[in-house]
J.: 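Sending over a structure as C-alpha cells; questions will come in a sec.
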Amino acid sequence: MLPNPLIRLQCGVNSYDWGKIGSESAAARFAAATPSETLSIQSDKPYAELWMGTHPSNPSKDLATGRTLLELVEGNRMLLAPSVQAKYGSKLPFLFKVLSINKALSIQAHPNKKLAEQLHARDPKNYPDDNHKPEMAIAITNFEGLCGFRPLGEIAHFLSSVPALRELVGEDEGKSFIATVRGQEGDESSESTTQNKRALQSAFAALMKSSQEDVAKAAKALVADAEKRGEEFADGGIESTSGATMSELVVRLNQQFPDDIGLFVLFFLNYVQLTPGEAMFLQADDIHAYISGDIIECMAASDNVVRAGFTPKFKDVQRLVDLLTYNYAPIEEQKMTPTEYPYVVLNRAAYSSGSHVLLYDPPIEEFSVLRTVLKGNAAKATFDPVDGPSIVICTGGKGKISVGPKVEEVKEGYVFFVGSTAELILESEGGPDDEFTTFKAFCEI
Ligand SMILES: NNC(=O)[C@@H](O)[C@H](O)[C@H](O)COP(=O)(O)O
Ligand SMILES: [Zn+2]
C-alpha cells in the first residue's frame with residue numbers, strides 16, 4: 001500500500017570548521033527543530049551543512065518510523081515517478097542543503113561526470129561519488145562568495161597594481177598575460193577566447209605552484225599593502241570591487257586563513273554579493289569559494305570536492321588546475337534570474353498580500369527549486385502535482401502543508417518529502433507582517 005506521499009524528515013547536520021557556531025547556525029537551528037535522540041546543539045561547535053536527501057554520507061530519515069528516506073523510496077518506487085526512477089534508480093537525483101557560513105569554504109571545483117568516475121574509482125575516500133556536482137546557491141541572508149574567473153582585464157589590472165600578486169605569479173608570466181589580454185581586447189572570436197583561456201590557465205597555474213614559503217612571504221607583504229593603502233589598495237580596485245573592498249577582504253580572509261594561497265586567488269575570481277532570494281549557478285569544473293552568509297544549496301547527488309586553498313581538508317591542487325574550465329565572465333552572467341512559477345494557484349489572501357512563488361531552474365535536469373513566500377494570514381498556494389520527488393524546507397514563519405487528506409503543521413526548520421504526483425498545498429498562519437517562506441527542491445524529467 002502506497003504511504004501518503006507527505007513524510008516529515010529528520011535531517012543530519014555536518015560540523016565543518018567553516019560553519020557558524022552553535023545556534024548562530026541556521027543549519028543547526030533547522031536540524032534541531034525536529035526531535036532527535038542524537039542531536040543537541042553545542043554552543044561552541046561549528047555547524048555547517050544541513051543535508052536533506054538520500055545521500056549515504058548523511059541520510060535523511062522518516063521521523064515517524066526512523067527508516068531512511070532511501071529505504072522508503074526503495075520500498076515504494078511510485079514515490080519517485082517512473083521517469084526519474086528509470087534514469088536515477090532509487091536515490092534522489094539531487095542533494096538539498098542549508099549552508100551556514102562563518103568563514104570561507106575552500107577554493108574548490110566539482111569534477112565533471114567523466115572525471116568523477118575516474119577519481120572515485122581511484123580514490124573513493126577523497127572522492128566518494130562517481131557523479132558530477134553542478135550546484136545552485138540561493139541566498140537566505142546576505143551572502144558573499146567568489147564565483148568563476150573575472151573578466152581578464154580585471155585580472156590584468158590586479159597583476160599591474162598588486163606587487164605581491166605579481167611576485168607570486170612571476171614577472172614574465174604576468175607581463176605575458178597582460179600582453180595577451182591587451183592584444184585580444186575587443187576580439188570576441190573563438191580563437192581569441194582560446195588564447196585568453198590558455199593565458200589564464202598559465203598565469204593561474206604559475207600562482208598555484210608557488211611554494212608555501214613564497215606564499216607566506218608574499219602574503220605578509222600583501223596584507224601590509226592592503227592595511228596601509230585601504231581605498232587606494234590595488235589602485236582603487238575595479239568597478240565591480242573597490243580597493244576598499246579588496247583591502248578588507250584580504251585582511252579578513254588572512255585572519256581566517258593566515259598566509260594562504262587563497263588570498264591571491266581572490267584577484268582571479270569574481271567577488272559576488274547576493275541578497276536574500278538572489279541566486280547563482282555553478283557548472284561542474286567551475287571554480288568557486290563561498291565566504292559568508294546562509295544559503296539554500298541544491299546540487300546533483302554528489303559530495304565530490306577538489307580543493308586548493310582556504311581549507312584544512314585534503315587538497316588536490318594540480319587536479320584543480322588541470323580540471324578547470326577557465327571560463328571567464330562578469331559576475332552578472334554568473335547570477336541566475338528566477339521566474340514566476342506558472343503551475344500554482346494563489347488564493348485571494350495570497351494575491352492581496354503580495355505573496356509569490358519563484359522558480360530557479362538551472363540548465364540541468366537533476367533539480368529545480370521553488371521559493372514560496374506567503375505573506376500575512378491564510379495566504380494559500382495550491383501546486384499542481386509534480387511528476388517526480390520533492391523536498392520542502394521552511395526557512396521562516398509558520399503555516400500548514402497538506403497532501404490529500406494529510407495536513408501537517410510547519411515551523412522554521414521543518415523538512416518534508418513529497419512523493420510524485422501529489423497535489424501540494426501550503427498555507428500561512430501568521431500575523432499581517434509575517435512571511436511563511438519555504439524552498440522546494442524537485443526533479444521532473
Ligand atoms: N560550494 N559548496 C559546496 O560545494 C558544498 O556543497 C560542499 O559540501 C562544500 O564544498 C564543503 O566545503 P569544504 O569541502 O568543507 O571546503
Ligand atoms: Zn561547491
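When a residue number appears, it is its place in the shown sequence, counting from 1. In each ligand, atom 1 is the first atom listed, and ligand 1 is the first ligand listed.
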J.: What pairs with K400 under salt bridge (charged side-chain N to carboxylate O under 4.0 Å, His left out), at least two apart in sequence or on another chain?
T.: E429
J.: Taking the inter-plane angle between the rings of F94 and F96 on a 0 to 90° scale, is it parallel (under 30°), tilted (30 to 60°) or perpendicular (over 60°)?
T.: perpendicular
J.: When rounded to the nearest 0.5 angstrom, what is the spacing between CE in M208 and NZ in K315?
T.: 8.0 Å
J.: Please determine whether Q108 has a backbone or side-chain N, O or S atom lying under 2.8 Å from the Zn ion (ligand 2).
T.: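 Within the cut-off used here (under 2.8 Å), Q108 does place an N, O or S atom near the Zn ion (ligand 2).
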J.: Over 60° means perpendicular and under 30° means parallel, so classify the ring planes of F149 and F204, tilted if in between.
T.: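 Answer is perpendicular, since the angle exceeds 60°.
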J.: The Zn ion (ligand 2) is nearest to which N, O or S atom of H288?
T.: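 Closest to the Zn ion (ligand 2) among those atoms: NE2.
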J.: Quick check on the Zn ion (ligand 2): does E135 put an N/O/S atom closer than 2.8 Å to it?
T.: yes
J.: Provide the atom name of the closest N, O or S atom of H110 relative to the Zn ion (ligand 2).
T.: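 For H110, the N/O/S atom sitting closest to the Zn ion (ligand 2) is NE2.
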J.: Aromatic rings Y341 and Y343: how do their planes relate, parallel, tilted or perpendicular, breaks at 30° and 60°?
T.: perpendicular
J.: Students often mix this up, so state it plainly: with edges at 30° and 60°, are the rings of Y16 and W18 parallel, tilted or perpendicular?
T.: tilted
J.: Out of T437, L99, V98, which one pairs with I140 under the side chain to side chain contact (heavy atoms under 4.5 Å, CB included) rule?
T.: V98
J.: Inspect the surroundings of NZ in K313 and state if more than 12 heavy atoms from other residues, nucleotides or ligands are less than 6.0 Å away.
T.: yes
J.: Taking only heavy atoms of the protein into account, state which residues are under 4.0 angstrom from an atom of ligand 1, in chain and number order.
T.: Y16, W18, E49, K97, L105, S106, Q108, H110, K133, E135, H288, Y290, E297, M299, V305, R307, K313
